[in-house]
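Note sheet for the following structure.
In what follows, residues are counted from 1 in the order of the sequence shown.
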Amino acid sequence: MSETGIVVVGAGQAGLQAAASLREAGYGGLLTMIGDEPSLPYQRPPLSKAYLAGKVDATGLFLRAPGFYADHGIACETSVEAVAIDRAARRVRLSDGRDLGYDHLVLATGSRNRPLPVPGTELAGVYQLRSIADADRIQAAIGEARSIAIVGAGFIGLEFASICAARGLSVTVIEAADRPMARAVSEPIATFFREVHESAGIRFLFGGGVQAIEGWAGRAASIVLSDGATCPADLVLIGIGVLPNQDLAAEAGLHVEDGIVVDSVLLTDDPSISAIGDCARFPTRFAAHGTARVESVQNAIDHGRCLAARITGRPAPYDAVPWFWSDQGGHKLQMVGLPVPSDVSVRRATAGGFAVFRYRGPHLTGIETVDSAAEHMAARRIIARGLSPTQDEAADPTFDLKALAMGRGGA
């Protein structure tokens with residue numbers, strides 16, 4: 001590497017992990033991170049959970065202590081964006097007018113909230129949750145809210161609903177599908193969490209969309225549903241998924257397709273540019289169609305490690321097992337694998353809760369657990385090894401999952 005070194009565009013979980021892992025692997029060249037937020041790199045998942053619940057403050061979200069960057073020779077640029085890539089010259093143009101040269105460029109640009117394309121989203125009292133600043137604005141508004149509406153019954157929406165319900169607030173969740181988390185979890189898991197949330201006083205409106213958000217004196221007052229009915233709401237959270245931040249790559253002529261397309265070692269079609277984390281679409285044996293774009297802490301961390309190993313001379317195809325979690329209503333949901341909604345579900349009782357095994361034909365594609373940490377750890381090993389207990393074995397609580405996971409059979 002020359003004096004231009006490595007530039008990492010994105011100061012989230014993936015970007016920081018790449019930088020930290022590069023140093024751990026012995027990379028000694030210049031290393032620069034570019035972040036568009038004023039804060040040092042921090043965790044996003046707790047924003048909709050512990051942070052809004054007041055269990056952790058902003059400093060508790062930091063991924064590394066402030067002194068880490070200087071100690072490890074990482075230049076962490078904040079409040080600045082990468083706006084263009086000159087691939088021929090190997091330079092990145094920044095929003096403050098500077099150009100940075102690179103030997104290798106890492107795109108860890110993450111994702112952004114999907115906008116709700118209806119009138120009224122510009123009203124005061126309408127929020128999306130992606131950053132500390134978003135969470136702070138929402139936290140300040142919760143105390144004055146009389147009625148809260150959440151558009152989208154995904155993980156963030158339901159985690160936020162749980163926090164509001166615990167404060168005794170009136171909460172309505174509006175979801176176009178027929179159940180919560182419809183694209184992410186099985187019907188038994190969705191049904192369980194619907195009942196958990198309803199028992200806490202949360203109201204669900206399924207099977208309809210939103211026509212508009214109406215207001216009074218510039219502030220949100222109600223939501224107009226697709227059937228013309230209205231739902232009172234002076235605080236509205238929009239949580240209808242995310243989009244990959246791929247525009248920078250696309251404008252530079254890189255291949256994008258719902259994510260920046262990379263190969264098995266996370267290289268784009270330019271050998272001087274990699275993409276990792278939420279923004280990257282990569283090949284994986286765990287996906288139904290052979291590639292996936294995965295939005296998770298696990299994926300961001302493992303991508304960063306894989307990239308660092310390749311750059312420092314230990315290349316290996318990325319093959320980490322995807323896993324996820326969500327805390328809702330006092331229960332922990334953990335998932336491993338990448339099943340699709342049409343996969344068959346087999347329920348299994350556990351000591352602390354239950355599990356759902358997902359099948360496509362005879363092949364096990366994923367395992368979901370509720371309040372069952374030991375089963376989740378076994379599930380990771382089972383999916384990683386490509387094992388597929390029969391559906392009868394999965395449903396049998398006496399079948400030894402741990403033994404199967406450790407290669408000792410399940411009988």
Side-chain angles (χ1 to χ4, degrees), residues 10-18 20-21 41-51 61 63 106-114 129-131 152 154-160 180-186 189 193 239-246 258-260 262 266 274-308 318-328 332-341 343 356 358 365-370 373 376-377 379-384:
Q13 186 89 56
L16 173 59
Q17 187 64 56
S21 294
Y42 63 91
Q43 305 172 71
R44 293 190 192 279
L47 292 176
S48 57
K49 299 184 274 286
Y51 188 72
L61 298 178
L63 287 165
V106 181
L107 299 178
T109 49
S111 56
R112 63 187 183 278
N113 290 320
R114 185 185 296 275
L129 177 56
R130 186 70 186 166
S131 66
F155 296 132
I156 288 178
L158 295 180
E159 289 163 0
F160 179 63
M181 302 177 287
R183 294 184 300 275
V185 303
S186 63
I189 295 287
F193 278 98
I240 55 174
V242 300
L243 299 170
N245 289 325
Q246 62 186 27
D258 184 36
I260 305 168
V262 296
L266 309 177
S274 300
I276 60 174
D278 288 12
C279 69
R281 174 163 293 276
F282 59 95
T284 172
R285 62 188 169 100
F286 302 106
H289 302 293
T291 67
R293 188 177 62 77
V294 176
E295 301 151 12
S296 76
V297 170
Q298 165 273 320
N299 185 67
I301 290 173
D302 288 337
H303 269 191
R305 290 171 173 164
C306 178
L307 174 136
Y318 182 74
D319 192 42
V321 179
W323 57 270
F324 316 82
W325 82 93
S326 178
D327 297 324
Q328 300 176 31
K332 180 169 286 294
L333 168 62
Q334 294 172 291
M335 301 151 283
V336 58
L338 295 173
V340 298
D343 290 349
V356 177
R358 309 295 303 280
T365 59
I367 302 174
E368 305 158 337
T369 62
V370 175
H376 172 70
M377 295 307 297
R380 287 199 214 173
R381 297 188 183 97
I382 290 168
I383 295 294

If you measure from [atom1] on [X] to [atom2] on [Y], what distance do you get to the nearest 0.5 Å?
X: D278; Y: L243; atom1: CG; atom2: CG; answer: 11.5 Å
X: I189; Y: L333; atom1: CD1; atom2: CG; answer: 5.5 Å
X: I240; Y: I156; atom1: CD1; atom2: CD1; answer: 12.0 Å
X: F155; Y: K49; atom1: CZ; atom2: NZ; answer: 9.5 Å
X: F324; Y: L338; atom1: CZ; atom2: CG; answer: 5.0 Å
X: L47; Y: L129; atom1: CG; atom2: CG; answer: 5.5 Å

Quiz item: Is there a donor-acceptor contact under 3.5 Å linking the side chains of S186 and E368?
Solution: yes
Exercise. Output all residues satisfying ring pair (Phe, Tyr, Trp, His ring centres under 6.0 Å) with Y42, sequence neighbours left out; order by chain, then residue number.
Key: none
Self-check item: With sequence neighbours excluded, residues passing ring pair (Phe, Tyr, Trp, His ring centres under 6.0 Å) with F286
Solution: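 For F286 there are no ring pair (Phe, Tyr, Trp, His ring centres under 6.0 Å) partners, ignoring immediate neighbours.
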Taking every non-hydrogen atom, the tightest pair across [X] and [Y]:
X: P41; Y: L16; result: CB-CD2, 4.0 Å
X: T284; Y: A292; result: CG2-CB, 3.8 Å
X: Q298; Y: P322; result: OE1-CA, 3.2 Å
X: P180; Y: L158; result: CB-CD1, 3.9 Å
X: L61; Y: P46; result: CD2-CB, 3.7 Å
X: R114; Y: V242; result: NH2-O, 3.6 Å

Check: [X] side chain, [Y] main-chain N or O, donor-acceptor pair, under 3.5 Å:
X: R112; Y: R130; result: no
X: Q17; Y: D302; result: no
X: T291; Y: R281; result: no

Mind checking what makes side-chain hydrogen bond (donor to acceptor under 3.5 Å, both in side chains) contact with [X], not counting sequence neighbours?
X: Q334; value: none
X: R381; value: none
X: Q13; value: none
X: R305; value: none

Quiz item: Can you list the steps and then say if S131 with R44 is a side chain to side chain contact (heavy atoms under 4.5 Å, CB included)?
Solution: CA-CA 7 Å; S131 66; R44 293 190 192 279; 4.2 Å; yes
Practice problem: Identify, with sequence neighbours excluded, every residue that meets salt bridge (Lys or Arg N to Asp or Glu O under 4.0 Å) alongside D319. | Solution: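 Only R285 meet the salt bridge (Lys or Arg N to Asp or Glu O under 4.0 Å) criterion with D319.
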Any side-chain heavy-atom pair of [X] and [Y] under 4.5 Å:
X: V356; Y: V185; answer: no
X: M181; Y: M335; answer: no
X: E159; Y: D327; answer: no

For [X], give me all partners under side chain to side chain contact (heavy atoms under 4.5 Å, CB included), at least two apart in sequence or on another chain.
X: P244; value: Q246, D258, R293
X: S274; value: H104, L267, L307, R310
X: D343; value: P339, V340, R358, R360, T365
X: N299; value: F282, V294, S296, H303, Y318

